[in-house]
Amino acid sequence: MSSVTTMASTISDVVDDGDSLYLAGFTHLIPFAAGHEIIRTGYDDLELIRATPDLVYDQLIASGCVSKVTFSWAGNPGVGSLRAFRRAIEDGVPNPIETEEYTHYGMVAALHAGAADLPFMPVRTFAGSDLVDQSDAIRTVSSPYGDDEIPVVPPIKPDVAIVSAQRSDEDGNAHLWGIPGEQKEAALAAETVICCVEELCSTETIRSDPNRTLFTADAVDHVVEVPYGAHPSYAQGYYDRDNAAYLEWEEVSKDHEDTQAWLDEWVYGVADRREYVEKLGAERLLDLEVDSKYATAIDMGDY
Amino acid sequence: MSSVTTMASTISDVVDDGDSLYLAGFTHLIPFAAGHEIIRTGYDDLELIRATPDLVYDQLIASGCVSKVTFSWAGNPGVGSLRAFRRAIEDGVPNPIETEEYTHYGMVAALHAGAADLPFMPVRTFAGSDLVDQSDAIRTVSSPYGDDEIPVVPPIKPDVAIVSAQRSDEDGNAHLWGIPGEQKEAALAAETVICCVEELCSTETIRSDPNRTLFTADAVDHVVEVPYGAHPSYAQGYYDRDNAAYLEWEEVSKDHEDTQAWLDEWVYGVADRREYVEKLGAERLLDLEVDSKYATAIDMGDY
Amino acid sequence: MEYTDTELMVTAAAEQLEDDDSVLVGIGVPNLACNLAKRNHASNLEMIYESGTIGSNPSSLPLSVGDPVLASGAVGIESMLNGFSYYLQGGRIDVGFLGGAQVDKYGNINSTVIGDYDDPAVRLPGSGGACEIASNAHRTIIISPLEERRFPEEADFVTSPGYLDAETERADLGLRGGPDAVITDKAIMGFDADGEMIVERLHPGVTEDDVQAATGWEIQFADDVERTREPTDEELRLIHEELDPDGVYLD
Amino acid sequence: MEYTDTELMVTAAAEQLEDDDSVLVGIGVPNLACNLAKRNHASNLEMIYESGTIGSNPSSLPLSVGDPVLASGAVGIESMLNGFSYYLQGGRIDVGFLGGAQVDKYGNINSTVIGDYDDPAVRLPGSGGACEIASNAHRTIIISPLEERRFPEEADFVTSPGYLDAETERADLGLRGGPDAVITDKAIMGFDADGEMIVERLHPGVTEDDVQAATGWEIQFADDVERTREPTDEELRLIHEELDPDGVYLD
């Protein structure tokens, strides 16, 4: 059972230095608001885990709060590389970071093992790849049914997962539509879960469509309502992906000082997400607006 | 890619004697229409697989077309045992059947392994149970991460799966709501898949809500539109479960001759599902009607 | 007010539940017990069914664990695979209810066969999810009438592990929890440190001899065996007027 | 009509696709190639993205594989876990597209590091889903400009297995399929029976010497090397007017 709180109090209450964090999302519903609050709160020894470190991880790394990144694809989707991530690895700027590397499937299979309390998950990937040699985590098991060996991954259980959905009730029963990525598995694998939503809704709304529920209050410890919390990522049906911002980051992040200046302006320079959105301005918000297109209704029946 | 066909032609085209069949569903959307067509078509060496053999498997067994049942719980839900199933095992009437036994989780994990092409799936069940001794299928694997041994199940890949949904397009992209059971895993694990739907819908309806899609045309070979195809099971939002019929079966099935008489009347005595529904009569259908209760709309956005 | 054995089992089972428990609910007595607890001392009880419905709030009594009334108005619905993987195996179920044809001295349960597996006298339905409930719930509550044939010293077949042979540790086999209570129509039993069943409460009017006569081994009695609390008038009213107005399970 | 290298790569990649193929689509050339094929010879092509969208029918070009335009109007959307488990590993993907910083003689691809893994000259994004695409798709198509630094005899790091060392059998490691074609800006290569890359078509105006000069090993040429077909006017019109009207990938 969870409680509805503000982002600032939730982050400072929940996230301790030394924790492993999973900010979930595959392109969709990436919790930028939470990431920025983590930067403002100030840490220096966080392990960030995530299949697809995105701009938000680049920003966290640039701010100096990260000591390790566990990942499977660290890039700016459709644009290029993550330059702060690379600077940390290639040049130790602002600090060296350790890395642990999976493939996408290896990563989500490991989260599944964490969520389902399995000692390992078998995957038909890694064989023939040098990734095996770089990781003690990836091992093999002989099938007892006469097949050859199959690679396995161990469970990943982050200390904290920050997951998102378009709407949830105050308990954290959450409806998500569009691309779910690994939000569910991250929520179920983590010790403590913060759920960020575009809007709170009634439990009746959730109960009207239980098949839409991606994870239930069981998995959630804190609910934070944070409109536009995913910008420049997007919330399906609420606002568009700000692709221009992803392209801009490629320029901003080329240089460490420019990156710091960006953080000063857009993260340290605002108190919270509301100020960030005000700073974005109405014109940008209007550009990201999307016309409505409702799903065809389904009848659950009044049993 | 699939084609829309009639139940009779589909069953006779697809199901061969000696095949293993999975008629999917957990209480919800059980394909009785397909089961009755299998009885009418006439076989004598089918392997029936399913977590929850229901009345439809009892009827198939009573008709003499079954040589083996692989299952995890063989009962009349909320009522009692499956009496034809028991007669076959305890007394060899109408013919002896072989059995292979799992637990629910073991069964769906085995289907998952079949669907995902894994050589096995680990499960934290079976340890300490005598079920292990009765099955060569359940084995153990040592975790390479220092844990103890964990039981594993092999993949189950039925020759034919008959799955159901409330609606699909002509290609077999299917929307299901309510209890999904193991419909998805069965559809993905089987070699050939027949999808039974209450109604065909446009692809636009499917595309309006892609998160509602339980399985796609990829998995489906034949689509059959068969209203009331699940009776006396139910289709959420379409009609209620006919609990009276489940209670009646407890009486009918006590005696092999009574069971045969029932099959003569309700299966052999009708040409197809339409005649069965006509025979049920309007009053029964009205009793099973359910008032509408629509899910709260979601906006996918017109991107 | 008069009450039946079943009603006493319902109120006794309800007492085993704590507020905020996640319960994997079965049909019959467990369903009534959960709904009773939810209306009294455990308003935050989360009811999950084997069919995958989570937070079900049924407006009428379901016949099976997969009735549509459990899906309509639930807070979530999982596939069997996800339900068993994430809720049971993942450790999110506090309490599971179990029944069976035989319950033995160490809480092992048989719901598979009476007699020989390969040539059974009675072929029972099988495990279903019982083996995983017994293996993965944090605690299990067994519900069964107390009869000698139902409580043999050793079950013909162990479908769902209890405390095994009382020597093997459940944890060594990777098993979570274990049987916590046995609710019968004559007494309520718990388990001692070795995992052997022990009578803790006798129902009103029942003697130790009555219990021993209905048990297939020399059963232990706690030093301070107490009397089971009788259902209150309010509990009986709730059960009859609200939970099972049609008397599906109580007549 | 005039055309660019990229346009030729798009039409050449489109030709590799067959009707009814399920394709795991990447951004850029693969996306344009799939959409072109779908409008021409492969109207039943099923486009699946790594983000889990199935049967996407984007009304505009996505910047990433997870853009909302790929979700809205898809026939289905899977979680990453299900997408990789059931579509890729389950064997439902006929064709996967791959790129990378290095492609070696046997079609092994590096998208991890240039230089030493522990002290890299360039840290690349990593596998993402590339290793599983290379391992599980029934055939893969590699897209890359042909440059000596991009086509070394041996990759600095094998992220995604091709034909390995040409001695180990892919099937012995449990790997499905393998690289089928390499589409570059100078030529199209296939693989011989041993799994070694072999030039099969030269683009118009390109010589064998041009190809050899841009390759890090002595590359084989087929006996009957042909010329790559030029894009037709209709293909170029489709690409420019319908598929990439804003010139996102083609300018």
Under 4.5 Å from any heavy atom of chain D, what part of [X] do you find: side chain, backbone, both or neither?
X         : result
Val79(A)  : side chain
Tyr234(A) : side chain
Glu182(A) : both
Asp148(A) : side chain

Atom of [X], atom of [Y] and distance for their closest heavy-atom approach:
X         : Y         : answer
Ser127(D) : Thr103(A) : OG-CG2, 3.5 Å
Leu63(D)  : Arg241(A) : CD2-NH1, 3.7 Å
Asp180(D) : Arg139(D) : OD2-CD, 3.7 Å
Gly162(D) : Arg170(D) : O-NH1, 2.8 Å

Task: Residues Leu88(D), Tyr105(A); criterion side-chain contact (heavy atoms from CB on, under 4.5 Å); working and verdict - done: CA-CA 10 Å; Leu88(D) 253 177; Tyr105(A) 189 46; over 6 Å; no

- [ ] Calculate, to the nearest 0.5 Å, the distance between atoms CD and CD1 belonging to Glu132(D) and Ile93(D) respectively.
- [x] 12.0 Å

Open item on the list: Checking Gln236(A) against Leu176(A) for the side-chain contact (heavy atoms from CB on, under 4.5 Å) test, could you report, in this order, the C-alpha distance in whole Å, the side-chain angles of both residues, the deciding distance, and whether it holds?
Closed with: CA-CA 9 Å; Gln236(A) 188 86 33; Leu176(A) 184 150; over 6 Å; no

Name the option with the most non-hydrogen atom pairs under 4.5 Å to chain D; the candidates are [options].
options                                   : value
Thr27(A), Thr125(A), Asp130(A)            : Asp130(A)
Ser129(A), Ser233(A), Gly78(A)            : Ser129(A)
Lys293(A), His112(A), Gln134(A)           : Gln134(A)
Ala235(A), Gly178(A), Gly75(A)            : Gly178(A)
Ala295(A), Ala51(A), Gly237(A), Ala127(A) : Ala127(A)

Among [options], single out the residue with the greatest number of heavy-atom pairs under 4.5 Å to chain A.
options                                   : answer
Pro161(D), Cys131(D), Pro125(D)           : Pro125(D)
Ile77(D), Asn108(D), Leu173(D)            : Ile77(D)
Asp67(D), Thr112(D), Asn136(D), Leu164(D) : Asp67(D)
Ile27(D), Leu81(D), Asp119(D)             : Leu81(D)

Open item on the list: Quick one, Val122(D) with Arg86(A), criterion side-chain contact (heavy atoms from CB on, under 4.5 Å). Give me CA distance, side-chain angles, the key distance, then yes/no.
Closed with: CA-CA 8 Å; Val122(D) 182; Arg86(A) 284 182 55 187; 3.4 Å; yes

Task: Other residues, nucleotides, ligands: >12 heavy atoms within 6.0 Å of Glu153(D) CD - done: yes

Contact class of [X] relative to chain A, heavy atoms under 4.5 angstrom:
X         : answer
Gln89(D)  : side chain
Ala121(D) : backbone
Ser135(D) : side chain
Ser85(D)  : both
Glu50(D)  : both
Thr168(D) : neither
Thr53(D)  : side chain

Open item on the list: Using 30° and 60° as the class boundaries, would you call the ring planes of Phe157(D) and Tyr117(D) parallel, tilted or perpendicular?
Closed with: parallel

Open item on the list: Quick check with a 6.0 Å cut-off and a 45 degree axis cone: is Arg139(A) positioned over the face of Phe120(A)'s six-membered ring?
Closed with: no

TODO: Dump the intermediate steps for side-chain contact (heavy atoms from CB on, under 4.5 Å) on Phe97(D) and Val23(D), then the final yes or no.
DONE: CA-CA 8 Å; Phe97(D) 282 99; Val23(D) 185; 3.5 Å; yes

